[in-house]
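From a predicted model like this one, the values you see are computed outputs, not experimental measurements.
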Amino acid sequence: MEKPTLIITPHHKLWSIDVKEIWRYRDLISLFIKRNIVVQYKQTILGPLWYIIQPVLTVIMNMVVFGGIAKMSTDGIPQPIFYMAGNICWFYFADCLNQTSTTFVTNQAMFGKVYFPRLVVPIATVISNLLRFGIQLALFIVLYLFFFMKGASLTIHYQIVLVPLLVVMIGGLGLGFGIIVSSMTTKYRDLTILFTFIVQLWMYGTPIVYPLSMVPSGTLRTLILANPMSSIVEAFKFATLGEGCFSWPALTYSFVFMCVLLLFGTIVFNKVQRSFMDTV
């Protein structure tokens with residue numbers, strides 16, 4: 001009688017993450033990444049060009065509404081590059097959050113047929129969204145060089161080396177919030193609609209279309225700084241554009257917030273995955 005090569009046992013600790021098991025399924029993660037990229041624009045005319053069209057149209061709208069009508073300051077930075085810097089960070093966060101928030105509902109048929117670590121799916125989603133972020137970052141660099149050659153006052157600070165960490169933090173926050181919402185929507189489906197609306201409002205609580213410097217000290221500024229995305233966006237703008245409210249304590253707060261959020265999200269996710277097929 002042959003001995004089993006793999007024994008599947010339940011996790012006794014809700015906060016446990018079997019990293020070795022997830023690593024064993026790295027080929028599956030690669031397949032999910034390819035699936036996410038191909039399926040998203042499989043039957044579209046423009047395909048991946050939407051990765052570029054979306055931020056361009058959004059920046060134009062920001063220029064008209066916030067720069068033209070509302071006359072909001074951009075700290076002396078040309079409007080297109082200022083809005084692009086904030087938008088590419090927010091797009092990556094929102095994509096990770098929205099797509100991982102439907103993990104259980106979207107993949108319920110597959111989850112009910114075969115075993116694999118359920119965290120593989122949201123992890124693959126966060127990684128696959130890096131393609132969009134990379135393309136939009138390339139667009140940002142082209143736009144940056146254009147305005148720099150035109151004589152715009154743009155300065156790159158040494159904090160530019162933190163950009164990879166900032167991207168990891170954005171993905172971690174999107175993953176953490178996403179798996180929590182995904183766990184909650186297995187039982188309460190209308191939370192998906194509610195959270196989509198919340199994400200849209202959340203953007204205005206993040207200094208995307210306005211600089212943090214224009215927000216006076218007080219309750220409103222405190223609330224904006226309590227948003228973990230605020231310090232990340234400001235750090236990205238400061239590192240690449242030379243303007244922004246960079247703060248090590250604020251960035252440390254966002255990093256700690258991300259770690260606690262991922263731990264809490266893992267606990268909720270592990271608890272729900274044990275019985276989600278009975279409620280989904």
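For T125, there are no side chain to side chain donor-acceptor pair (under 3.5 Å) partners, not counting sequence neighbours. A search for ring-ring contact (aromatic ring centres under 6.0 Å, His included) contacts involving F133 returns Y92, not counting sequence neighbours. With sequence neighbours excluded, no residue satisfies side chain to side chain donor-acceptor pair (under 3.5 Å) with S30. Annotation: salt bridge (Lys or Arg N to Asp or Glu O under 4.0 Å) contacts of D95 (sequence neighbours excluded): R132. S183 meets the side chain to side chain contact (heavy atoms under 4.5 Å, CB included) test with F104, V268, F269, V272; sequence neighbours excluded. In this view, S213 and D75, P211, C245 satisfy the side chain to side chain contact (heavy atoms under 4.5 Å, CB included) rule, not counting sequence neighbours.
Put simply, the side chain of T102 does not reach to within 4.5 Å of the side chain of V181, judged on heavy atoms. Side-chain contact between L139 and V56 is present, with heavy atoms from C-beta onward closer than 4.5 Å. Looking at heavy atoms from C-beta onward, L251 lies in side-chain contact with F246 at the 4.5 angstrom threshold. With contacts defined as side-chain heavy-atom distances shorter than 4.5 Å, the pair Q54/Q136 qualifies.
Expressed to the nearest 0.5 Å, how far OG1 of T266 lies from CD1 of I180 amounts to 9.0 Å. Once rounded to the nearest 0.5 Å, the distance linking CD1 of I123 with OH of Y25 reads 13.5 Å. Here the CD-CG distance, from E234 to L241, works out to 10.0 Å after rounding to the nearest 0.5 Å.
Taking every heavy atom of both residues into account, A226 and Y253 meet most closely at O-OH, 2.5 Å. Closest heavy-atom contact between A124 and F32: CB-CB, 3.5 Å. The shortest non-hydrogen separation linking M63 to P80 is SD-CG, 3.7 Å. Here the shortest heavy-atom pairing between F82 and I208 reads CE2-O, 3.9 Å. Contact between T100 and G178 at its shortest, heavy atoms only, is OG1-CA, 3.1 Å.
Sorted by first and then second residue, the salt bridge (Lys or Arg N to Asp or Glu O under 4.0 Å) pairs involving residues 207-226 (not counting sequence neighbours) form an empty list. Listed by first and then second residue, the side chain to side chain donor-acceptor pair (under 3.5 Å) pairs involving residues 64-74 amount to none (not counting sequence neighbours). For the side chain to side chain donor-acceptor pair (under 3.5 Å) condition, the pairs that include at least one residue of residues 58-69, sequence neighbours left out, are N62-N87.
Under a 3.5 Å cut-off, the side chain of Y210 and the backbone N or O of V215 do not form any donor-acceptor pair. Without hydrogens or angle criteria, S230 side chain to I224 main chain gives a donor-acceptor distance under 3.5 Å. With hydrogens and angles ignored, the 3.5 Å screen pairs a side-chain donor or acceptor of S101 with a backbone N or O of N98.
Within 6.0 Å of atom CE in M72, more than 12 heavy atoms from other residues, nucleotides or ligands are found, so the atom counts as buried in its surroundings.
Each of L137, I170, V233 was scored for a side-chain contact (heavy atoms from CB on, under 4.5 Å) with I88, with one residue passing: L137.
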Residues 254-264, side-chain donor-acceptor partners within the protein, below 3.5 Å, at least two apart:
from : atom 1 : to   : atom 2 : distance (Å)
S254 : OG     : P228 : O      : 2.7
S254 : OG     : S231 : OG     : 2.4
S254 : OG     : A250 : O      : 3.3

Can you list, pair by pair, the side-chain donor-acceptor contacts under 3.5 Å of residues 143-165, counting residues two or more places apart and other chains?
from : atom 1 : to   : atom 2 : distance (Å)
Y144 : OH     : T240 : O      : 3.1
H157 : ND1    : F238 : O      : 3.3

Could you go through residues 193-205 and list every donor-acceptor pair under 3.5 Å that involves a side-chain atom there, pairing it with any protein atom two or more places apart or in another chain?
from : atom 1 : to   : atom 2 : distance (Å)
T196 : OG1    : T192 : O      : 2.9
W202 : NE1    : N227 : OD1    : 3.1

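Using cut-offs of 30° and 60° on the angle between ring planes, the pair F93 and F177 is perpendicular.
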Report the C-alpha distance between L130 and V167 in whole Å, list the side-chain angles of each, state the deciding distance to 0.1 Å, and finish with yes or no for side chain to side chain contact (heavy atoms under 4.5 Å, CB included).
CA-CA 9 Å; L130 281 174; V167 175; 3.7 Å; yes
